[in-house]
There are 2 protein chains.
Amino acid sequence: MSESAAENTLAEQIAAQLRRDILRGKLPPDTAIKERDNAAELGVSRTPMREAIRILAQEGLVVLRPSRSPIVARPTVKEVHDQVVVLLALEKLSAQIACERATEVDLSRLAELNEQIAEAYDHVDALDLFEMDMAFHRLIAEAAHNEALAETHHAYLARLWRARFLSATMRRNRERVVSHHGAIMNALRARDPEAVDAALDQHLSNLAEDISAAIEAENAEAERAGG
Amino acid sequence: MSESAAENTLAEQIAAQLRRDILRGKLPPDTAIKERDNAAELGVSRTPMREAIRILAQEGLVVLRPSRSPIVARPTVKEVHDQVVVLLALEKLSAQIACERATEVDLSRLAELNEQIAEAYDHVDALDLFEMDMAFHRLIAEAAHNEALAETHHAYLARLWRARFLSATMRRNRERVVSHHGAIMNALRARDPEAVDAALDQHLSNLAEDISAAIEAENAEAERAGG
DNA sequence: CAACAATTTTTGGTATACCAAATCAGAAAT
DNA sequence: ATTTCTGATTTGGTATACCAAAAATTGTTG
């Protein structure tokens, strides 16, 4: 929970703004992000806008093309699938390590959040719910107390945010999420590596296919409209 | 060996230059990288220098501090160790996937490179040798044909370059490297996931400790010198 | 009418100038 | 001698101006 705080510099604020717009679909894939125009639109200079674009490019949300405007990324199904594979591996590794290293505080935070999710599930909009889900998975990664791992895991989670969001809104299922989270939690509590692995597999095994379907649908839509 | 090509923009060239200086020890840990001074020194403006610094910060080679000059990172033993753990996991995952997905071309490239390494081992300086070793491990990552995975793996390899280099020069051992590489290769050839896992474990198991020792030595040295 | 070439325009890349905040040094007071 | 306050200086952050390369457009020619 360390990064959502500051947003010190203008560039970071711009990046955050653009990130939200991209992830929420206000800036759909293939949209050009011109340094000049977007900077003018926000009333800032090109310098921080440029830096913001680099940040998002680093995150994989926009793609830089030589001598061309950067555009909002349109990940292919394979790309997203590949990223999910890595995310899954990172989370499993985190959980394995967490079986040894997780503190009681880590575990109770996890429990608390899971309870919050269960409670909020029906009252809260999809976006906020998704933030909570993301936080849950981040807590797992952080419970391994391996900063590099947590950071990389978070980067993948962020990069896959939109895809996961699309997928989740398509098949929102309270029971699945809450009970799966509970299973993961209990396995961690028991510090049982194999149970953790199984629980994560159970929770995330269909993720790749779900996401792929969502992306495929969106891309097909775009093809019909723009092509 | 695919990325050393382009280096289109000035910022990238500067980043490459600084990266080399850092990794080769010309810019030791804690050295300040002032935008103004370094830019002037290289005869460029602050803009690309600034961008170059961001690139290196992203790679973990320099750390940005609010309202302070960026400095060359001095990773702690724990940080490096944590990174090695992730690197190892990424490489193992790559190899597992590669058992299914590796093409004949991938495998023969691997074989060829291993032969080159064996041949060059005694004639070539440590730095070049290390580039080759790095390339070998990158080939493994690339054989999984998962771009995200290869990219992240490469990022970790690059970030750990200096630490691995320190470690390797401390205990240079021809037989170990070549035969281990050979074992990994053969396991991949056989497309045997368990054998691959074992071979990678064999090759990389001591890496974490070796690297930790090297880093510890360097940091102790710095402590003695710098107060 | 099509194809090609030159010009105009748009774009990102770079240099420079300006600003505010944070640090450091020096002087003064205790 | 120590501490504190203040001002000079250094730093990164931002804005703006300039440049070169690459598209796009338009005009000409076959």
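What you see below is based on every heavy atom in this structure, not just the backbone, and it leaves out hydrogens, waters and symmetry mates. Lettering follows sequence order; numbering is per chain, from 1. If you're wondering where the values come from, they're calculated on a predicted model, not measured in any experiment.
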Return the set of residues passing salt bridge (Lys or Arg N to Asp or Glu O under 4.0 Å) with B:R50 (not counting sequence neighbours), or none when no residue passes.
A:E51, B:E35
Can you list everything that forms a side chain to side chain donor-acceptor pair (under 3.5 Å) with A:E59? Sequence neighbours excluded, please.
A:R19
Quick one: list whatever passes side chain to side chain contact (heavy atoms under 4.5 Å, CB included) with A:V72, sequence neighbours left out.
A:I22, A:L27, A:T31, A:I33
What N/O pairs connect the protein and nucleotides 12-14 of chain C at under 3.5 Å? Give each pair on its own line.
| unit_1 | atom_1 | unit_2 | atom_2 | d |
| --- | --- | --- | --- | --- |
| C:dG12 | OP1 | A:S69 | OG | 3.2 |
| C:dG12 | N7 | A:R36 | NH1 | 2.8 |
| C:dG12 | N7 | A:R46 | NH2 | 3.4 |
| C:dG12 | O6 | A:R36 | NH2 | 2.8 |
| C:dG13 | OP2 | A:R50 | NH1 | 2.5 |
| C:dG13 | OP2 | A:R50 | NH2 | 3.0 |
| C:dG13 | OP2 | A:R54 | NH2 | 2.5 |
| C:dG13 | N7 | A:R46 | NH2 | 2.9 |
| C:dG13 | O6 | A:R46 | NH1 | 2.6 |
| C:dG13 | O6 | A:R46 | NH2 | 3.4 |
| C:dT14 | OP1 | B:L10 | N | 2.5 |

Only counting residues at least two apart or in another chain, list the ones meeting side chain to side chain contact (heavy atoms under 4.5 Å, CB included) with A:D133.
A:H137, A:R164, A:V177, A:H181
ring-ring contact (aromatic ring centres under 6.0 Å, His included) filter on B:H145, not counting sequence neighbours, yields none
